[in-house]
Structure formats: structure tokens, C-alpha cells
Amino acid sequence: MALEESVEWFLDHLKVERGASVHTLIAYQGDLTKAWSFFFSRGLRDWKDLGAEDLIAYEASQAPPIARTTAQRRVSSLRSFLKFLKRNNEGPVAALPSTGGFRKAKTLPKALTREQMQSLLELPDLEKPTGVRDRALLELVYGAGLRISEAMDLNVADLLLEERIVRVTGKRDKTRQIPLPEGTITWLARYLDYARPKLQKRPSGRFILSDTGKSMLRQTAYDRLERYSRLAGLEGVSPHTLRHTYAVHLLRGGADLRAVQELLGHESVATTQVYTQLDMDEVRAKYDKAHPRL
């Protein structure tokens, strides 16, 4: 089928030429499979024949009960795909779909307070190897600002504790070195010395191991954090929340924006700038304290 073959061509482009991760490829494949199935059901057999009315119908099909964020992502995936086809003279003549109807409202990243973060860190049961593992995982994501996929892909050899750094391979296979705070190092070392040997059932280079001794899945890490956040009385906390918290705490402590950009592995400083939008009460308090005319 021509529709499906074009999608596979696009996915190969993302993988080979853009260095997209497995998670990105799976997400695009799922979104675009739904799109071409929808258009095929409308009689479309070639992307060049895609018309404006088809695009409008597809956007209309993404209405509730489909979540707004899901709808926005699916239409955005379709936009990227159709742009790729147009660049290669295989795309439709019709205008590209707009994501205006599904555009996600811009919101500030939700960062935990120092007190909330500390209460979360103290929840794992340190009498058990799994508890020490969970504490090390929380410390790693917060202490180094890692994406959860980066934490799950981390190998023991990537931790250079004597040098107080962790070597991370992020998006597009770019490697960066991140300094580790002393408190984080303490828990990573305790996990390596005490808990990890008890969890390991067979030789493995992965740093974070599951309860069965295998590489921990990303969803498992999400589930563990969700459980701890409920125990701490916190809502809407994800591994990405800890990454946001890392960045906000660094910037509030006076860290340079460019330095935080490098630590987070952001391609552009514009992506990092969202973290500078601190609470206005805090900004006003600093202003009132610092301005010579007040």
C-alpha cells in the first residue's frame, strides 16, 4: 500500500538521518498508522491526492473523548510527515493541517519545593534493596536532571563517582557529562555497593535493575514514582517533574541559563528559557529588595 510505504520511508528517514530514538519512532508510527488508516477508509490511495476536506475531516475525528494532548500530538505528527513528503515532491497540494484547534495551552513547568522534594526522596524503604534502588533512582533523576529514558539506559560504566560526574547519552545520541551533587553520589554508591548486587541475577551492565534483576522498564519507573508521590500527598508528579525541579532549583540558586541548557541536553536555549519564568511573587520580592528606588 502506497500510504503505508510512505510512512515507512519517513520513519527510516527519522531513524537514519535524524537519529530519532526508538520511543520517538514508535510514537510516530502509531500516530501515522491511525492517520493513513483513516484516509484509506475515505478512499485515499496516494498522499498526493490528499485534499483539504480530508484534513478537516481528520482533525474533526480527533475530537473528545480523545484527549486534547493526544489529538494535538497526532495532528502534529501528520504535519511533520506531510512536510517531509512535500520536500521530496511526494506531498499533497492542499494546505497542511493546522493544530490550532488542539494547541496545548502554555503552562509553566511544575516544580516541587525543596521540602516536597526532600519528603519524596525519604519515602523508599531503605531496609530493602528495592527501596535503596528507588532512592538512587529518584536521586539520579533529580540530582542530574535526567530524562527517564536516559536514566533507564544508563550503564554502570557511565557513572564516574570518584570524578563526581555521570556520562549521559541523550537525544540524537549526543553525549554530555553532568556533575553530581555529594548527596546524590552517596546514594548511588550505596545502591552499587549494597542493593544492586542483591538484585542482580545475571551479568548486566545496566545501572538501574528491576525487582527481577533485569533492566527496569520506563513504565515501571513511572509507576514507582507515582506510588511515592501519592504517599507524599503530591499530585501530577512524573519523572519529568523531577527534571523540571532540577532546572528550576539550579536557576533559582543563580546558575547560568546556558549552563543549565548544557546540563539538560537542550538543543536550543529557547527550550530552557521556559524555566526562567519564575513565580511573580518571588520576582517581585527580589525586585523590592534589590531596586535602589524602593
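Side chains included, hydrogens not; waters and symmetry mates left out as well; all remaining heavy atoms used.
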Taking Gln118 as the fixed residue, which of Glu115, Arg114, Glu122 is the one that meets the side-chain hydrogen bond (donor to acceptor under 3.5 Å, both in side chains) rule?
Glu122

Taking Trp36 as the starting point, is it possible to reach Leu44 by hopping between hydrophobic residues whose side chains are less than 4.5 Å apart?
yes

Should Ile165 and Leu250 be regarded as members of a common hydrophobic cluster, given that ILVMFWY residues are connected when their side-chain heavy atoms come within less than 4.5 Å of each other, either directly or indirectly?
no

Less than 4.5 Å apart, side chain to side chain, heavy atoms only: is that true for Leu159 and Tyr191?
no

Cluster check Tyr222, Leu154: I/L/V/M/F/W/Y, side chain < 4.5 angstrom
yes

Considering only heavy atoms from C-beta outward, does the side chain of Ser6 approach that of Glu90 to under 4.5 Å?
no

hydrophobic_cluster_shared for Leu14 and Ile26, side chain cutoff 4.5 Å
no

State plainly whether one hydrophobic cluster holds both Met152 and Val156, where clusters connect Ile, Leu, Val, Met, Phe, Trp and Tyr through side-chain heavy atoms under 4.5 angstrom apart.
yes

Is the side chain of Arg73 donor-acceptor paired with the backbone N or O of Asp31 at a distance under 3.5 Å, no angle test?
no

Rounded to the nearest 0.5 Å, what separation is found between the NE2 atom of His13 and the CZ atom of Arg87?
5.5 Å

Point-to-point distance, once rounded to the nearest 0.5 Å, from CZ of Arg164 to CD1 of Ile185:
5.0 Å

Show, in sequence, the C-alpha distance, side-chain angles and deciding distance for Gln219 and Asp223, and conclude whether the side-chain contact (heavy atoms from CB on, under 4.5 Å) test is met.
CA-CA 6 Å; Gln219 186 57 49; Asp223 293 342; 3.0 Å; yes

Residue among Thr241, Val237, Leu234, Leu242 satisfying side-chain contact (heavy atoms from CB on, under 4.5 Å) with Met117:
Leu242

How long is the span from the CG atom in Asp158 to the CG atom in Asp153, to the nearest 0.5 Å?
9.5 Å

Any sub-3.5 Å donor-acceptor pair from Asp125's side-chain atoms to Glu127's backbone N or O?
yes

Take Gln29 and Val7 through the test side-chain contact (heavy atoms from CB on, under 4.5 Å) and record every step on the way to the result.
CA-CA 8 Å; Gln29 184 177 38; Val7 170; 5.6 Å; no

A side-chain contact here means heavy atoms from C-beta on lying under 4.5 Å apart; do Arg206 and Asn155 qualify?
yes

Kindly say whether Leu209 contributes a backbone atom to a donor-acceptor pair with the side chain of Arg133 at under 3.5 angstrom?
yes

With a 4.5 Å heavy-atom cut-off, do Leu180 and Leu160 have their side chains touching?
no

Where is the tightest heavy-atom contact between Ser77 and Leu32, given as atom of each residue plus distance?
O-CD2, 3.8 Å

Surrounding CZ of Arg42 (heavy atoms of other residues, nucleotides or ligands, distance under 6.0 Å), is the total greater than 12?
yes

Between OH of Tyr228 and CG of Asp134, what distance do you get to the nearest 0.5 Å?
3.5 Å

Could you check, using the six-membered ring where one of them is a Trp, whether Tyr28 and Phe81 have ring centers closer than 6.0 angstrom?
no

Side-chain contact, heavy-atom cut-off 4.5 Å: Lys201 with Thr212?
no

Indicate the ring-plane relationship of Tyr142 and His249, choosing parallel, tilted or perpendicular according to the 30° and 60° boundaries.
perpendicular

Determine whether a donor-acceptor pair (N or O, by modelled atom type, separation under 3.5 Å) exists between the side chain of Arg176 and the backbone of Arg167.
no

So which heavy atom on Pro239 is nearest to which on Ile148, and how close?
CB-CB, 3.8 Å

Identify the heavy atoms of Lys48 and Asn89 that sit nearest to each other, and give their distance.
CE-O, 3.4 Å

I'd like to know if Glu226 and Arg230 make a salt bridge, using a cut-off of under 4.0 Å between side-chain N and carboxylate O.
yes

Applying side-chain contact (heavy atoms from CB on, under 4.5 Å) to Lys198 and Tyr194, what does each step give before you reach the verdict?
CA-CA 7 Å; Lys198 294 181 181 296; Tyr194 161 70; 3.1 Å; yes

Hey, are the side chains of Leu140 and Phe207 touching, using non-hydrogen atoms and a 4.5 Å cut-off?
yes

Are side-chain heavy atoms of Trp187 and Leu126 found at a separation under 4.5 Å?
yes

Taking every heavy atom of Leu225 against every heavy atom of Ser238, the minimum-distance pair comes out as CD2-C, 3.1 Å

Within the side chain of Thr33, is there an N or O that forms a donor-acceptor pair under 3.5 Å with the backbone of Gly30?
no

Could you go through the side-chain contact (heavy atoms from CB on, under 4.5 Å) check for Leu82 and Leu50 one step at a time?
CA-CA 10 Å; Leu82 294 180; Leu50 189 68; 3.9 Å; yes

Give a yes or no on whether the backbone of Leu112 and the side-chain of Thr245 come within a donor-acceptor separation of less than 3.5 Å.
yes

Heavy-atom pair with the smallest gap, counting every atom of Ala195 and Pro129:
CB-O, 3.4 Å

Is the shortest side-chain N to carboxylate O distance from Glu139 to Arg190 below 4.0 Å?
no

Is the shortest side-chain heavy-atom distance between Leu55 and Tyr58 below 4.5 Å?
no

Distance in Å, Leu11 CG paired with Arg18 CZ, rounded so as to fall on 0.5 Å steps
12.5 Å

Look at the side chain of Arg135 and the backbone N and O of Leu121, then say whether any donor-acceptor pair between them is shorter than 3.5 Å.
yes

Without swapping roles, check the side chain of Asp49 against the backbone of Arg45 for a donor-acceptor pair under 3.5 Å.
no

I need the minimum non-hydrogen distance between Ala151 and Leu137, along with the two atoms involved.
CB-CD1, 4.3 Å

d(Leu161 CG, Thr184 OG1) to nearest 0.5 Å is 10.5 Å

Side-chain donor/acceptor of Ser76 to backbone N/O of Gln72, under 3.5 Å:
no

